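In what follows, a structure is listed as structure tokens, so that the remarks can point back to it.
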Amino acid sequence: MPELPEVEVTRLSFADRIRGARVTGVRVGKPLRWPLGADVDDMIGQRVGEVSRRGKYLWLALERGGLLMHLGMSGSLSFAAHAAEPGPHDHFDLVTARGTLRLTDPRRFGAVVWSRAADAPPAATLLAGLGVEPFDERFDGTHLHAALRRRRVSVKSALLGGEIVVGAGNIYACEALFEAGIDPRTRSDRISRPRADRLAVAIRQTLARAVELGGSTLRNFRDAHGAAGAFQLDAKVYGRAGQPCLRCATPIRRIVQNARATFFCPSCQKR
DNA sequence: AAGTGGACCTGCTAGC
DNA sequence: TGCTAGCAGGTCCACT
């Protein structure tokens, strides 16, 4: 589910409310992708600091370390003053004096990992190798073009990999390529400089618009207040196989690249 | 080294 | 109506 916009929308929906709250309890449910890696008692009594985002990860700072969280494919976080009894998919609760931060994740590809610092292992190891942030000023056509030139995979795979630029997952990679008029099958190293310029702009604009719309709710994404996103209603190609392109009426095609579905307009998007 | 495909886990939907 | 195959927003790892 959660690509950069969903993670950012989630962060914005609880960061201010949890900041300064003291941890009074921790509850762990079924195993997630990695073990928590800490004695839960050690967290009790610590104050929550800033919540920041790197790619699709959230870093929840505590006084003597922090929690690196990932929502996987089906995760969402809720923050409520009075948490309900945990359900079968509620796998982590951080109980504070101000409310409970809860990770709900049916598929359990998500993670909550304790780390002494964001730039120390294991957090640093998980964050190592991530590409530039799309809203960072260092991300532009020059950077994107240079990075794409070094790869021979399809441009769609290059974006999904997250080693060049983080944040665009399957939905937003498809949407950004549509906005830039680029066929997702085009080899990364064949993207011209002008097209890289357009793609960089498209990635940034697509992700920014998705954040404004509260992300995409395909099935179960909710922000920490429980609100659904609306970007899925705005998608031009994702999930629209067989339906007419909103720009030229050509039927949208669905293909499979690296075992992931790709949606594109065969007329608007060129090799 | 870079690229590809499988693995992780559960729930929902389309089709028979 | 009920079963089943196929599919889903991510990313790590083994293998070529």
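Here is how names work: the chains are called A, B, and so on, in the same order as the sequence lines, proteins then strands, and each is numbered from 1. Nothing here was measured: the structure is a model prediction, and the numbers come from that model.
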Could you tell me how far apart [X] ([atom1]) and [N] ([atom2]) are, to the nearest whole angstrom?
X	N	atom1	atom2	answer
Ile171(A)	dC7(C)	CD1	C1'	14 Å
Arg150(A)	dA2(B)	CZ	C1'	14 Å
Leu148(A)	dG3(B)	CG	P	12 Å
Tyr238(A)	dG10(C)	OH	C1'	12 Å
Glu6(A)	dG10(C)	CD	C1'	12 Å
Leu32(A)	dC12(C)	CG	P	15 Å
Leu71(A)	dT10(B)	CG	P	18 Å
Leu160(A)	dG3(B)	CG	C1'	14 Å

Is_stacked (Phe109(A), dC8(B)) at 5.5 Å, 30 deg: yes

Counting side-chain heavy atoms from CB outward, which of [options] is closest to [X]?
X	options	answer
Arg260(A)	dG3(B), dC9(B), dT11(C)	dT11(C)
Val153(A)	dG10(C), dT10(B), dT4(B)	dT4(B)
Tyr57(A)	dA8(C), dC12(C), dT4(B)	dC12(C)
Arg254(A)	dC7(C), dT11(C), dG11(B)	dC7(C)

Side chain Arg107(A) and base dC9(B) donor-acceptor under 3.5 Å: yes

Pair of N/O donor and acceptor under 3.5 Å linking dA2(B) base with Arg151(A) side chain: no

Modelled atom types, side-chain donor and acceptor of Ser13(A) and Thr10(A), under 3.5 Å: no

If the [atom1] atom of [N] is compared with that of [M], how far apart are they to the nearest Å?
N	M	atom1	answer
dG6(B)	dG6(C)	P	14 Å
dG5(B)	dC7(C)	P	15 Å
dC3(C)	dC9(B)	P	25 Å

Under 3.5 Å on both distances, the Watson-Crick or G-U partner of dC8(B): dG10(C)

May I ask you to verify if any side-chain N or O of [X] is less than 4.0 angstrom from the OP1 or OP2 atom of [N]?
X	N	answer
His89(A)	dT10(B)	no
Lys30(A)	dC9(B)	no
Arg152(A)	dT4(B)	no

N-O pairing of [X] and [Y] below 4.0 Å:
X	Y	value
Glu179(A)	Arg198(A)	no
Glu133(A)	Arg138(A)	no
Glu175(A)	Lys236(A)	no

Candidate list His143(A), Glu163(A), Glu137(A), test side chain to side chain contact (heavy atoms under 4.5 Å, CB included), partner Val132(A), passing option: His143(A)

Pro88(A) vs Arg33(A), nearer the 5' end of DNA chain B by closest nucleotide: Arg33(A)

Ring centroid separation Tyr172(A) to Phe231(A) under 6.0 Å: yes

